[in-house]
Structure formats: C-alpha cells, structure tokens
Amino acid sequence: MPRVYLETYGCQMNVADSELMLGKLAAAGYEHTENPDGADVILVNTCAVRENAEQRVIGRLTDLRRHMTRDTVLGVTGCMAQRLGARLLDADSRVSLVVGPDAYRALPDLIESARKGERATATDFDLEEHYDDFQARRFEGVKAWIPVQRGCDYRCTYCIVPYTRGPERSRALADVVRETREVVAAGLSEVVLLGQTVNSWTDGTGDFGDLLRAVGAVDGIRRVRFTSPHPNDFSDRVIAAMAETPAVCEHVHLPMQSGSTSMLKRMIRRYTREGYLACVERMRAAIPALSITTDIIVGFPGETGAEFDDTLSAVREIGFDDAFTFKFSAREGTPATRMPAELTVPDDVVDTRYEELVRVVRGISRERNMRRLGERREVLVEKAARKGGDLLQARSRDFRTVMVPAEGTAIGEYLEVELTGTTGSTFTGTPVPTSRAVRLPTLAVN
Ligand code: SAH
Ligand code: SF4
Ligand code: F3S
C-alpha cells in the first residue's frame with residue numbers, strides 16, 4: 001500500500017478537512033503514516049490567515065525535502081493552496097500538487113497523476129461540496145469535529161478566509177445528525193460543530209437553533225460545542241436553543257476583534273461596541289454559567305490610541321475568560337491593503353499595544369480563574385498532559401483545562417472534580433470521592 005503523511009496547520013476546519021482527506025485516501029488504498037520518512041505522498045494542509053502562518057509552511061516545505069526521495073509526491077492543500085494556486089508550483093519545484101478546500105474529492109486522482117510525474121492545481125470552488133459521503137478518519141479520542149457550514153459571506157476587511165474558502169453554504173441538518181449518530185456509535189460523546197460563522201447556519205427552513213436542538217437530541221451525546229459564531233447571528237432563538245439544550249456546553253467563543261465602534265466599522269464587522277456588549281449580556285442572561293472567550297486584532301490600519309483604549313476597556317468590562325490576540329497582518333487582495341499607507345500602525349506601536357493587551361487579558365483570566373477555586377466541575381478526560389506522566393488533561397463544560405491524576409482514570413471518562421489549584425490559566429482538579437457513579441460508562445450507545 002502507498003503511504004501518506006499529512007501535516008495540518010490553521011483552524012479546526014482544517015483539522016476536520018485533514019480527517020476527511022485521510023478518510024478519502026484510506027478508501028482509495030492509501031495507508032496513513034505518522035512519519036514522513038519513506039512516505040509515498042506528503043501533504044501539507046495549510047492556513048493563510050496571517051503572514052507568519054504562511055512563512056511557517058514555506059519553511060516546512062523546504063524542511064520536508066530531507067525526508068523525500070525522488071519519487072515522493074509533495075502536495076499543498078488548504079487555504080494557502082487556494083490563495084496561491086500555481087504560484088506555489090513556480091515557487092517550489094518539488095511541489096507537484098496544489099489543492100484547495102473544495103477540491104479534495106479529486107485528491108486520489110490528482111495524486112495518481114502526480115505519481116506519474118504531472119504537476120497540477122485544483123482550486124475551483126464548489127458550492128455543493130460538503131464531502132457528505134467521505135468517512136472521516138478521526139484522530140481525537142474523545143470529541144469529533146463536524147463541519148456544518150463551509151465558506152464565509154462576511155467580508156471583514158482584514159480577512160483572507162472568504163477568498164480561500166469561497167461563499168458560505170450550509171450542510172443539510174439530516175447529514176449533520178447522521179454524522180453525530182455515527183460518532184456516538186464509535187464511542188465519542190462530544191461534538192464540535194464547525195463553520196466560519198457557524199451560527200448563521202440555515203437549511204432554508206431552520207436556523208442554527210434548530211440544528212443545536214437536533215444534534216443535542218441525539219442519544220448518547222453529552223457535549224455539543226460550536227465554533228466560531230458571529231455576534232450578529234445570535235438571534236434570541238439561537239440563544240434560547242443554547243440555554244434549553246442540556247448537551248450544549250456553557251461556553252462560547254465570540255470573536256470581538258475590537259472594542260471600538262469606529263474601528264469595527266473600518267473592519268466591516270457589522271456591529272458596534274454596544275451591539276457586541278448587548279450580545280454578551282443577552283447570552284449571560286440566558287446562560288448564567290457561560291464562559292466567554294474571544295479573538296482580538298491589534299494594529300489594524302488607522303488604530304488610534306483612543307480606539308485601542310476602547311478595546312482594553314471592553315475587555316475589562318466583559319471580563320473574558322480567555323482571548324486569542326493577534327497582530328494585524330496585511331493579506332494580499334483584502335480591502336485593508338487598499339487603505340492609505342499613512343494609516344499603517346508602526347511596528348513598535350503594535351508591539352507595545354499587543355503586550356499591554358496580553359497583560360490585561362491574562363490578568364483578567366487569572367483573576368476569574370482564582371475565583372473558581374473550590375468549585376466543582378464535570379470534566380471529560382481528553383489526553384495525556386503535555387508534561388507529567390502522572391497527569392491527564394481534562395476539560396470542563398465551560399472550557400477550562402483541568403489536570404487530573406492519571407491513576408485510576410481513563411481517557412474518555414467523565415469525572416466530577418473539585419478545582420483545587422490554578423496556574424492562572426489551567427487548573428488542577430481533585431476527583432470528588434462520592435462521584436464514583438459518574439465514572440461508570442454512562443453512554444447510551446444506540
Ligand atoms: N471565522 C472566524 C475566524 C476566522 S480567522 C470569525 O469570523 O471569527 C480567526 C481569527 O484570526 C479571527 O477571529 C481574527 O481575530 C484573526 N485574523 C483574521 N485575519 C487576520 C489578519 N489579517 N491579521 C490578524 N489577525 C487576523
Ligand atoms: Fe473572516 Fe470575517 Fe468571515 Fe470570520 S466572518 S471568516 S473574520 S470574513
Ligand atoms: Fe487558516 Fe483557512 Fe482556517 S486561512 S484559519 S485554515 S479557514
């Protein structure tokens with residue numbers, strides 16, 4: 001059997017796509033390998049969202065050469081493949097395949113041709129494509145990534161994603177439910193529904209609230225998460241579905257990007273500071289235990305000190321449980337690159353603001369976490385802790401990382417723990433002795 005090695009960069013959507021690609025290739029007779037040495041095919045599934053994501057891949061493509069023989073096929077897939085197309089073939093003589101996110105169905109054929117020495121790009125968008133008939137090869141032991149929407153119809157002025165992923169399309173509810181049943185039958189009890197603006201999902205009759213209720217009603221599902229929603233698409237109906245569906249976890253990742261209305265306008269985010277705050281308030285009113293994480297960009301063109309202060313004050317006012325912070329990166333072809341050059345924020349200013357934002361975010365998150373000490377949480381044990389062989393890494397419904405003792409505990413188990421320590425960002429949890437019953441297999445596998 002020919003062997004395929006695949007590396008994934010970027011967001012969960014790319015992880016899900018990698019699982020689909022490996023499933024498709026397994027069906028076509030390829031064996032997956034975790035070692036690039038001796039692989040017949042090496043695929044790099046790429047991200048284009050920021051310049052440094054692309055730089056990493058370019059470096060890695062060179063690196064991978066030392067694992068290749070003359071016959072190894074090297075392919076680039078994903079968002080960078082879509083963005084650069086044939087330019088990648090010109091830039092790297094060893095790359096023989098460039099395949100965008102809507103063209104994975106052709107992957108086995110394209111690889112066959114490449115093994116015969118051809119070089120090809122496949123970057124057409126396909127508005128019908130959801131890979132519904134692919135059997136994903138899943139790597140996560142306890143949760144399943146389930147794409148429910150592909151593409152994006154927003155046009156945030158900094159963002160490359162609409163160009164790399166194409167127009168938004170939603171997958172049929174029945175297909176999402178079927179896949180959820182399949183992953184439960186395979187022994188998983190958590191699903192993460194994926195889409196660029198996942199809560200704008202619609203099949204023409206129902207909305208994202210209907211989808212949440214349908215997935216949450218699948219027998220054996222204990223946790224439903226989703227990422228990333230757009231603040232504008234949180235109707236009261238969707239929020240009610242979150243609150244009323246017991247499996248939907250008490251966590252939302254709600255990208256804010258900026259706390260300044262004038263900045264949000266330049267980003268064309270389509271909400272104001274007040275609109276975002278109101279969205280947070282509506283969600284907290286419906287789901288009191290909700291934890292909220294976010295994405296924030298620093299140094300978008302024209303960012304003034306006052307606008308940056310608005311972001312800091314919004315961060316403090318909301319009290320995010322955590323935030324991913326990014327320095328603005330100009331992406332070729334996006335509207336932000338056509339803004340007047342004098343609006344560019346100097347690097348040293350960006351650096352200073354970025355550090356300040358990170359300091360504020362960490363301080364708030366530490367303070368919120370300290371307050372949780374002594375509380376109890378149900379955690380799902382996910383994997384071995386990165387350091388420390390005697391600890392396993394678990395996650396609470398409200399998305400806190402909790403280290404639990406490995407002894408007597410298995411990956412995939414639910415545990416009731418008391419939060420007994422925190423580094424400020426992660427917790428240590430002590431199993432609550434009276435909770436043995438929760439640790440028995442409770443999955444109703446149908
Ligand atoms: N679809 C999601 C996120 C897509 S990209 C959403 O709408 O929220 C993930 C995050 O990367 C974004 O939320 C944003 O904070 C960041 N990002 C996107 N483009 C960027 C750019 N050009 N420079 C810096 N950060 C960017
Ligand atoms: Fe990018 Fe905006 Fe679409 Fe998110 S909503 S993927 S940030 S264009
Ligand atoms: Fe990156 Fe594409 Fe995801 S650009 S963030 S891999 S949608």
Side-chain angles (χ1 to χ4, degrees), residues 7-18 21 44-57 76-84 99-102 123 125 145 147-169 193-201 226-234 252-259 263-264 266-271 276 279 292-301 303 311 315 320 322-337 339 344-345 350 353-354 357 361:
E7 265 176 29
T8 308
Y9 296 83
C11 63
Q12 285 101 332
M13 189 63 84
N14 252 17
V15 175
D17 280 352
S18 287
M21 281 192 258
V44 184
N45 195 14
T46 61
C47 174
V49 80
R50 282 169 294 275
E51 173 80 30
N52 56 8
E54 293 201 354
Q55 286 309 331
R56 261 179 85 196
V57 167
V76 181
T77 65
C79 291
M80 202 177 151
Q82 185 71 37
R83 188 178 92 73
L84 293 171
V99 188
D102 279 356
T123 53
F125 288 129
W145 312 110
V148 303
Q149 175 196 60
R150 301 182 72 87
C152 181
D153 277 351
Y154 280 86
R155 285 288 179 278
C156 307
T157 50
Y158 50 81
C159 187
I160 195 74
V161 172
Y163 309 90
T164 65
R165 292 259 161 192
E168 176 187 320
R169 71 220 88 136
L193 309 181
L194 300 178
Q196 293 303 335
T197 55
V198 68
N199 55 338
S200 70
W201 180 94
F226 54 88
T227 197
S228 287
H230 192 288
N232 280 6
D233 295 305
F234 269 124
V252 67
H253 182 70
L254 188 64
M256 179 175 80
Q257 314 302 358
S258 164
M263 169 69 89
L264 288 165
R266 285 205 298 287
M267 291 177 162
I268 315 199
R269 279 295 283 179
R270 301 165 204 257
Y271 53 84
Y276 186 89
C279 180
I292 305 181
T293 55
T294 198
D295 291 345
I296 299 167
I297 297 176
V298 176
F300 183 83
E303 184 184 65
T311 294
V315 165
F320 290 111
D322 203 358
F324 295 101
T325 47
F326 307 104
K327 293 179 189 172
F328 168 70
S329 168
R331 310 309 293 130
E332 185 190 25
T334 58
T337 59
M339 292 177 177
T344 303
V345 184
V350 176
R353 288 181 188 167
Y354 182 82
L357 178 64
V361 162

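Each ligand, and each atom within it, is numbered from 1 in the order the structure gives. Just so you know, residue 1 is the first one in the sequence shown, and it goes up from there.
Using a 4.0 Å cut-off to heavy atoms of R50, the atoms of ligand 1 that qualify are 11 (O), 16 (C), 17 (N), 23 (N), 24 (C), 25 (N), 26 (C). Short contacts between ligand 1 and Q257, defined as distances under 4.0 Å to a heavy atom of the residue, involve ligand atoms 8 (O), 12 (C), 13 (O), 14 (C), 15 (O). Atoms of ligand 3 lying under 4.0 Å from any heavy atom of C79, numbered from 1 in the order shown and given with element: 2 (Fe), 4 (S), 6 (S), 7 (S). Against a heavy-atom cut-off of under 4.0 Å, Q196 is close to the following atoms of ligand 1: 1 (N), 2 (C), 4 (C), 6 (C), 7 (O). Of all atoms in ligand 1, listed by their number and element, those nearer than 4.0 Å to a heavy atom of V49 are 5 (S), 18 (C), 19 (N), 20 (C), 21 (C), 22 (N). Annotation for ligand 1: atoms under 4.0 Å from non-hydrogen atoms of P255 are 8 (O). Remark: ligand 1 atoms within the under-4.0 Å shell around heavy atoms of F328 are 23 (N), 24 (C). For ligand 3, the atoms sitting less than 4.0 Å from at least one non-hydrogen atom of N14 are 6 (S), numbered in the order shown with element in parentheses.
In this structure, atom 2 (Fe) of ligand 2 lies nearest to the protein heavy atom C156 SG, 2.3 Å. Counting only heavy atoms of the protein, atom 7 (S) of ligand 3 lies nearest to Q196 NE2, 3.2 Å. For atom 1 (Fe) of ligand 2, the closest non-hydrogen atom on the protein side is C159 SG, 2.3 Å. Protein heavy atom at the shortest distance from atom 3 (Fe) of ligand 3 is C11 SG, 2.3 Å.
The residue among C159, P162, P231, S329 with a heavy atom at the shortest distance from atom 21 (C) of ligand 1 is S329.
For C152, the nearest N, O or S atom to atom 3 (Fe) of ligand 2 falls under 2.8 Å. Atom 2 (Fe) of ligand 3 has no N, O or S atom of C47 closer than 2.8 Å.
The shortest separation from a heavy atom of R269 to ligand 1 is under 4.0 Å, placing the residue in contact. Residue contacts with ligand 3 do not include Q12, since none of its heavy atoms lies under 4.0 Å from the ligand. Within the 4.0 Å heavy-atom cutoff, R165 does not count among the residues contacting ligand 2. Taking a 4.0 Å cut-off on heavy atoms, R165 registers as neighbouring ligand 3. Heavy atoms of A48 approach ligand 3 to within less than 4.0 angstrom. Residue contact annotation: R331 has a non-hydrogen atom under 4.0 Å from ligand 1.
Neither the backbone nor the side chain of M13 has any atom closer than 4.0 Å to an atom of ligand 3 (non-hydrogen atoms only). With a 4.0 Å heavy-atom cut-off, ligand 1 is reached by the side chain of F326 but not by its N, CA, C or O.
When each of D102, D153, D17 is checked for a salt bridge (Lys or Arg N to Asp or Glu O under 4.0 Å) with R165, only D17 meets the rule.
Although no hydrogens or angles enter the test, the distance criterion places a donor-acceptor pair under 3.5 Å between the side chain of N14 and the main chain of Y9.
A side-chain N or O of Q149 and one of E168 form a donor-acceptor pair less than 3.5 Å apart.
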